Amino acid sequence: MAEKEIIETSEAEIAVHWQEEGYYHVPLDFIAQANMTDESIYQRFSLENFPNCFKEYADMLDWYEYWTEILDTSDAPCFKWFKGGKINASYNCIDRHLAKNRNKTAIHFVPELEEEKVEHVTYQELWVRVNEMAALLQDFCGLKAGDRVTLHLPMVTELPVTMLACARLGVIHSQVFGGFSGKAAADRILDSGSDFLITMDGYYRGGQLLDHKEKADVACEAAAAAGHKVKKVLIWERYPGKYSAATPLVEGRDFIVNDLLKKYYGQRVEPVRMPAEAPLFLMYTSGTTGKPKGCQHSTGGYLAYVTGTSKYIQDIHPEDVYWCMADIGWITGHSYIVYGPLALCASSVIYEGIPNYPDPGRPWRIAQNLGVNIFHTAPTAIRALRKIGPDEPAKYNYHFKHMTTVGEPIEPEVWKWYYNVVGKGKAAIVDTWWQTENGGFLCSTLPAIKPMKPGSAGPGVPGIHPIIYDDEGKEVPKGAGKAGNICIQNPWPGMFQTIWGDRDRFVRQYFERYCKNPKSKDWRDWPYLTGDAAVQAPDGYYRILGRIDDVINVSGHRLGTKELESAALVVPEVAEAAVVPVADEIKGKVPDLYVALKPGYHPSPELEKRISQALATEIGPIAKPRKVWIVPDMPKTRSGKIMRRVLGSISNKTDVGDVMTLANPEVVEAITKMVQG
Ligand code: WT7
């Protein structure tokens, strides 16, 4: 345990040295039009009014049958929200808007190539496409409520069309980030027990039309090798009517969706009336062990929560053009590109490619051309755009009323560039802290009510009551300037229901540490452990310091160190592997990979390359290490545990501290020499 504690303190200590910044005040013209300007909302959503406060969010939705019990705690900590309610997410995101807004744009699809036409998909057209796809899934695949389907789609309109078609039927979608490998898709197919994989032939990234379908072959092979046969692979064409991948179709298994759909043109599917607590989707995320966890999100609770937070914190109005630059393959995209904005009848932008293609002015051209007025991205993208195109925003004529940052702590310097240069000093900024598990925001300012403070996320959002515990379970008081483990005292509707198929792990990982009584049916006994370290300032704002577990946050995406290490061990020469996070100017953190070889093998540049490639193949290019260091031996404790902390200090060129208690202190010097020269 000693090793782990040292990691925790050092993470926290580094960040606590940051100075608290002063407030920035939100422009008055933002406040004048904001959805939420009533300070009493904090009173309405206080712990005293919990859980009934969340009726306000549920009432933003249309229910077939209104719920009878707001929160059922009988199976704590698997909480059920809006029990007795019947609802359909696809109906709430599409059908209910048709009467007044059928001709309004639901989705602006922006292809990466600038010479290609931007698609403006109206709510009417979205409705038609979702209905036809739902008919296909039902008839051609025989899918029904409760079945799981794995999606491995890029950033194209077909992704929300497929998600909403599943939701229409009550089929649980599990979208795997398009940049992930076929192997990563296979793991998720297996874990969720999906019989079908829905993918696309290709998509553009960095100016290249990638062959994406080859990943489906890898996924099916890997799943088959593990004893699970994917029955059918459905392939959308990036250019309808023209198959664009070099990889051939597998006879009898692979089908082109665009061809199949012809049979379903004009067909309509009644939305299935789902219980509020029926799962809507799975979203896999990395944890402390090698196996990714399928976070199971509910239909009614989740949709209510993302709708409420989209309205009050993203300040989305139906007339807004809203652009979240995240990928729909991550939770941010599910909640704040698809479900939240569409439930509010906004126009949501989907951009296929990378922000700096063909040049770093691209995002601002898109904003100008589409009239985007709400912009949402991550510090890693802001840092990159600031580095490569610091003067670009000034060249374009767009106006953001509101901007969001999400995914990792933002350095105050970077925040100020975002505010002054991207926002031209005229936008409200919210720094939203939350996690895949949470469905929606945990901490953020309410933009028209609270001032902004660079580098701080803000207080808990309405209805979220954070608490910081020290390692002994004592509360760290506000303003103590001391870091601790930030937890949430109460459940909320967007909170995931469980880890798919692994309730024990759900309880162990998120509740065991601070649970007062494991038999309790009272939500007060089940504080939720976020796994982040944080400090709370005297004004109640939280500053998030980073993860306390073995997770590395690369460009705002979570990668488990164990996942990366197991990928390295796929290379036959590798005996041991250890991954450590290294500070990076753009990406926040990048992994350094240390490996020790089996006896009889020798280091070579070729081997380094092969190991690095293994991480890209097993997980995806995002997992590629900054550097592979082949070391003579790993620094180890006497009990044989690899001292990642020591390797981390070497990679980051910080003090390694006392290593004399190690089993092999002499290797530390050898490794330091190798890494630092
Ligand atoms: C982890 C969750 C939720 C969508 C994006 C990532 C870190 C997230 C912030 C923020 C500081 C943040 C935390 C968290 N994080 N947002 N605004 N400030 N840190 O989702 O992959 O589940 O990662 O990202 O460490 O635990 P995720």
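What you are looking at is a predicted structure, and each value in this text was computed from that prediction instead of being measured. Numbering of ligands and ligand atoms starts at 1, following listing order.
Contact analysis puts Glu408 in contact with ligand 1, with a non-hydrogen atom separation below 4.0 angstrom. Distances from ligand 1 to the non-hydrogen atoms of Ala457 include no value under 4.0 Å. Ligand 1 lies nowhere less than 4.0 angstrom from a heavy atom belonging to Gly531.
Among protein heavy atoms, the minimum distance from atom 3 (C) of ligand 1 is reached at Trp434 O, 3.2 Å. Looking from atom 15 (N) of ligand 1 to the surrounding protein, the closest heavy atom is Gly407 O, 3.1 Å. Scanning the protein for heavy atoms near atom 5 (C) of ligand 1, the closest one is Thr332 OG1, 3.7 Å. Scanning the protein heavy atoms around atom 14 (C) of ligand 1, the nearest turns out to be Asp532 OD2, 3.1 Å. Scanning the protein heavy atoms around atom 1 (C) of ligand 1, the nearest turns out to be Arg547 NH1, 3.9 Å. From the protein, the heavy atom lying nearest to atom 21 (O) of ligand 1 is Arg558 CD, 3.3 Å. With hydrogens left out, the protein atom closest to atom 6 (C) of ligand 1 is Gly556 O, 3.8 Å, a heavy atom.
For atom 11 (C) of ligand 1, the candidate residues are Ala378, Pro409, Cys295; the nearest heavy-atom contact is made by Pro409. For atom 22 (O) of ligand 1, the candidate residues are Thr436, Ile410, Thr405; the nearest heavy-atom contact is made by Thr436.
Those atoms of ligand 1 that come under 4.0 Å of a heavy atom in Asn553, given as number and element, are 7 (C), 24 (O). Taking every heavy atom of Asp431 and a limit of under 4.0 angstrom, the matching atoms of ligand 1 come to 10 (C), 17 (N), 18 (N).
Lys401 NZ: more than 12 foreign heavy atoms inside a 6.0 Å radius.
In this structure, Arg547 contributes its side chain and Asp532 its backbone to no donor-acceptor pair below 3.5 Å. Judged by distance alone, the side chain of His297 and the main-chain N or O of Thr436 form a donor-acceptor pair under 3.5 Å.
With a 4.0 Å heavy-atom cut-off, ligand 1 is reached by the side chain of Ile544 but not by its N, CA, C or O. Of all the heavy atoms of Thr530, none lies under 4.0 Å from any atom of ligand 1, so neither backbone nor side chain is involved.
Under the 6.0 Å cut-off for aromatic ring centres, His334 and Phe281 qualify, their centroids lying closer than that.
For the ring pair (Phe, Tyr, Trp, His ring centres under 6.0 Å) with Phe506, the qualifying choice from Tyr528, Trp526, Phe496 is Phe496, the only one to do so. Partner of Phe54 under the ring pair (Phe, Tyr, Trp, His ring centres under 6.0 Å) criterion, out of Trp81, Trp492, Phe79: Trp81 alone.
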Before giving the answer on side chain to side chain contact (heavy atoms under 4.5 Å, CB included), spell out for Thr332 and His376 the whole-Å C-alpha distance, their side-chain angles and the decisive distance to 0.1 Å. CA-CA 10 Å; Thr332 305; His376 185 155; 3.7 Å; yes

Could you please spell out the steps behind the ring-ring contact (aromatic ring centres under 6.0 Å, His included) verdict for Phe45 and Tyr57? CA-CA 11 Å; Phe45 280 80; Tyr57 286 179; 5.3 Å; yes

Would Tyr510 and Glu437 count as a side chain to side chain contact (heavy atoms under 4.5 Å, CB included) if you check the C-alpha gap in whole Å, the side-chain angles of each, and the deciding distance to 0.1 Å? CA-CA 10 Å; Tyr510 298 98; Glu437 293 86 341; 2.7 Å; yes

Step by step, work out the side chain to side chain contact (heavy atoms under 4.5 Å, CB included) result for Asp584 and Arg626. CA-CA 10 Å; Asp584 180 272; Arg626 179 187 75 139; 5.7 Å; no

Kindly indicate, with the supporting measurements, whether the criterion side chain to side chain contact (heavy atoms under 4.5 Å, CB included) is fulfilled by Tyr336 and Val406. CA-CA 11 Å; Tyr336 299 113; Val406 62; over 6 Å; no

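When only interatomic distances are considered, the shortest N/O to N/O separation between Thr432 and ligand 1 falls below 3.5 Å.
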